[in-house]
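Basis for what follows: all heavy atoms, side chains included, without hydrogens, waters or symmetry-related copies.
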Amino acid sequence: MSESASEPEAPAAQAHGQENTPPPAEEPAQTFDHDERGRSDQDDDDERGGHHERKEDEALANRIRQEENHLRLRLASLQKLKAGQDATAGRDWFGGPVNHASDHAQVYGAGRDLYNVISSDGPPVQSVPVIAEHLERLKACLVPTESQARLAGLLVDEPLLLLRGPRDTGRTMTAIAALLEVTQSCHRLMIRGEPIHVDGSHLDTGVGYLLVADESSWTAQLEEAAHYLSAVAARRECRIVVLTGPGHDLPHRVVDHVPPAADQVFRKTFTYLLSDPDAWQAHGLDEHDIVGRLSGCQPADALRLAEQLANGVRQNQAVADVLNAQPLFTRTRFHRHFDEEPTRFGRCFLVSSAVLHGLPEPVVSQAALGLSRQILDGRQESEKYDDTPIWERLGTWLSYSGISTVQGDRRGAGRRLQLRDELAPLLLPMIWEELPAVREHLYAWLRRLGESGDEHVRIKVAHAVGLLATCDFDLIDKEFLDGWSRSSKIGPKQLAAWALEAAASDPEIRDRVHALLRTWSEIGPYERRTTAAIAYGSRTGTQNIDEVFKSFRVITLTTKSYWLCDAVARSIADIYGTDTARPIATELALWARADAFGGRLAAALALARLSPLRHNGTRPALLDHSTDDDLIALWTGSLELSLSPDEMAGRGSGLAGRLWQLFTDWVREWEERPSLRPVLEGVFEAGRSGPLRLRRTYELYLLLWQRDKTVSVPLFRHLTRILKDG
């Protein structure tokens, strides 16, 4: 049974675009009169398209413009979340200096942990010494720990040991300090692939090596790898300390890391950075309860706080102001808000702000009221009742640290509710963790908001669900992603896809997102394959474009569904950029040359989005990032498809009209853009040997272009000669 027989069709507005659309099983909004479809062999004038075709062409063009607007909204929302994740006083999460190793590798210092990056095109084994600046800071700021003493003691006899503990706990500096007690110097060892690549030539006698293995695949056979590396280290009379997370084990060679006290890390770092042994007393830090503030924090948090406070002091900022602005204390501040705001409305406003920040204040307030009514279940007698009008209480709610209103970017746009950057990705997960009793109400409220006709609201809801997926991926899959991805309507599928693009921003669950999308695209039903196709039109797709192409080939291989192919085409357009333009153009040309109808249709729909010669700077020109042969194949295959009897892709459809209009625009630029001349000549040469119907259509358009003065008389003769005589 063919796939086209089993796949439901959707209305025209459903190609990624409109939310309030009927399910695919209902009557399509885009209809085609049988008489109009049947006239193709009776009247050549139909090749130009009538009023119906122009109407459908305009509908497709409007839908593409709407898609562009949706993409801008999503990118703005994701940028806000990303800005919050990266907000650490002017430095990224890696922080520290960048050290360049041999063969273009780089090593980043991240507080008391160091993250190693090995170049993809360099040798499989690289190393770099810990630079003098780091060693000087280590000696000044190191807080000795029990794990450091035990590690150094064992390294006297053991060539390889495992230091086990989470990142950001000071384990790296502990390992370096221990290695320096028993070796002459310390290097960072980086391995691409398996440890078997390491041999004696990579290790120097008397040197200590630090190897970070948290995300290495070879840790699945850690005991075998450690045995091999230990033997190599013993032969070279050097030492290796492997850093891993809590889940790894190695008999007789494991030291569990004991983190240093965060307040001691802060004190030593702050004193060192200001080069003042009396800095603590000089700036009155006892008055600001640094020890209490850092209770429960990791050493890396303390280090970052010390750096930010030292920077603030150098800039003559008040200590209290710097401390109050720190993301580190966000949880403490908002936990206090939860305690101080006993009313249901107040807490619901916090929830609404966490989800809908950036939207007009009335939208946020109305959503908060909706959540409050939903939670109302007879418990109001036990709550503190506040009969103050909502608009008067708003001032109290906006006094929460980090929440404010700003004027819209256009005159008359009203005020929008805003979260401080570092709060945007943190507030909703904090509420989810701190108020478990409201989770079920929160889920139902988010589902209802997801049905909104306001695209801004829907995008915010989807990205909020993506944030919650970083708290409990399986639960959010069950509560939201599973149902949304199975829906027959396009709106829920969009929500699932957009939620995954937000979740994929977290490197800790990115692999789970990719695995889920692979499952949906390879073995999922039509609805889930459509969801996967939509989801790949984001950073989720650009992170591994080869995997995206593989999934798209699977999706389009046997399908004849217009809307599934359109979902693929839109995602292709969404991830099309300077870095991806060339591989995308090559892939689309392969689809256009192939026999699979789904691939050819997806390529044509993508061409309709990417071929405009003027994109107002939003996209690189397809002409500048493709080979002539690929462009010729893409145009020829797409224009031939536009003459097919398929009612959605062929004559009389919006796609056909759009393609011929865009091709006309290319022809119109013959004089101004010499670089497109070989492409146009190649398309007409291919038309000469192509189907008779395609050649007749080229002839008809040449006559129309001459009449409308789209082409000059010499150009008309030149293209006619190519088409007829070669």
Side-chain angles (χ1 to χ4, degrees), residues 47 569 572-573 576-595 599-600 602-643 655-726:
E47 300 291 357
I572 285 287
Y576 179 86
T578 303
D579 295 335
T580 60
R582 177 56 68 90
I584 283 176
T586 300
E587 185 71 16
L588 292 178
L590 289 175
W591 297 357
R593 293 185 182 104
D595 295 330
R600 294 173 61 209
L605 287 162
L607 182 64
R609 292 168 167 85
L610 301 179
S611 61
L613 294 171
R614 294 175 179 82
H615 273 294
N616 297 321
T618 58
R619 285 199 180 105
L622 184 64
L623 180 64
D624 298 334
H625 292 78
S626 310
T627 65
D628 290 349
D629 287 344
D630 284 345
L631 286 174
I632 291 168
L634 190 51
W635 272 116
T636 302
S638 299
L639 293 176
E640 181 178 344
L641 180 71
S642 74
L643 303 178
L655 174 60
R658 179 68 174 166
L659 287 172
W660 284 99
Q661 180 189 60
L662 291 170
F663 187 64
T664 300
D665 292 340
W666 279 49
V667 173
R668 187 178 286 113
E669 294 291 319
W670 176 277
E671 298 296 337
E672 298 296 328
R673 299 178 186 243
S675 59
L676 57 70
R677 294 175 189 174
V679 176
L680 297 176
E681 290 173 337
V683 172
F684 277 86
E685 288 175 0
R688 183 177 68 248
S689 58
L692 174 62
R693 188 170 179 176
L694 180 60
R695 188 165 70 250
R696 290 180 61 194
T697 304
Y698 285 143
E699 293 172 350
L700 173 63
Y701 270 94
L702 279 170
L703 292 172
L704 291 173
W705 293 336
Q706 183 190 39
R707 186 193 68 183
D708 297 339
K709 301 189 183 312
T710 298
V711 298
S712 63
V713 172
L715 179 56
F716 169 79
R717 292 172 179 169
H718 175 62
L719 295 178
T720 300
R721 185 164 51 252
I722 293 176
L723 189 62
K724 291 185 176 181
D725 305 322

Nearest atoms (heavy-atom pairs only) where G599 meets W591: O-CB, 3.4 Å

Salt-bridge criterion met for R593 and D630 (N-O under 4.0 Å): yes

Exercise: identify the closest heavy-atom pair between L641 and R600: CD2-O, 3.7 Å

Heavy-atom side-chain contact between W635 and L680 under 4.5 Å: no

Heavy-atom side-chain proximity of P620 to Y576 below 4.5 angstrom: yes

Closest non-hydrogen atom pair, L723 against G687: CD1-C, 4.1 Å

Interatomic spacing from OH in Y701 to CG in L639 - rounded to 0.5 Å: 9.0 Å

CG-OG distance between L631 and S611, expressed to the nearest 0.5 angstrom: 9.5 Å

Side-chain heavy atoms of T720 within contact of E699, under 4.5 Å: no

Minimum side-chain heavy-atom gap V713-R717 below 4.5 Å: yes

L623 side chain reached by S675 side chain, heavy atoms, under 4.5 Å: yes

Any donor-acceptor N/O pair, T636 side chain to A633 backbone, under 3.5 Å: no

Atom of S642, atom of L659 and distance for their closest heavy-atom approach: CB-CD1, 4.3 Å

Which atom of H625 lies closest to which atom of A621, heavy atoms considered: ND1-O, 3.1 Å

Nearest heavy-atom neighbours spanning R673 and L613: NH2-O, 3.7 Å

Non-hydrogen side-chain atoms of L704 and T664 separated by less than 4.5 Å: no

Inter-residue atom distance L715.CG - L702.CG, 0.5 Å rounding: 8.0 Å

Euclidean distance, S638 OG relative to R658 CZ, rounded to 0.5 Å: 13.5 Å

W670 backbone acceptor or donor facing R677 side chain under 3.5 Å: yes

Straight-line distance of I632 CD1 to S626 OG, nearest 0.5 Å: 11.5 Å

Side chains of L607 and L588 in contact at under 4.5 Å (non-hydrogen atoms): no

Beyond-backbone contact of R721 with F684, side-chain heavy atoms, under 4.5 angstrom: no

Separation between OH of Y698 and CZ of R688, rounded to the nearest 0.5 Å: 12.0 Å

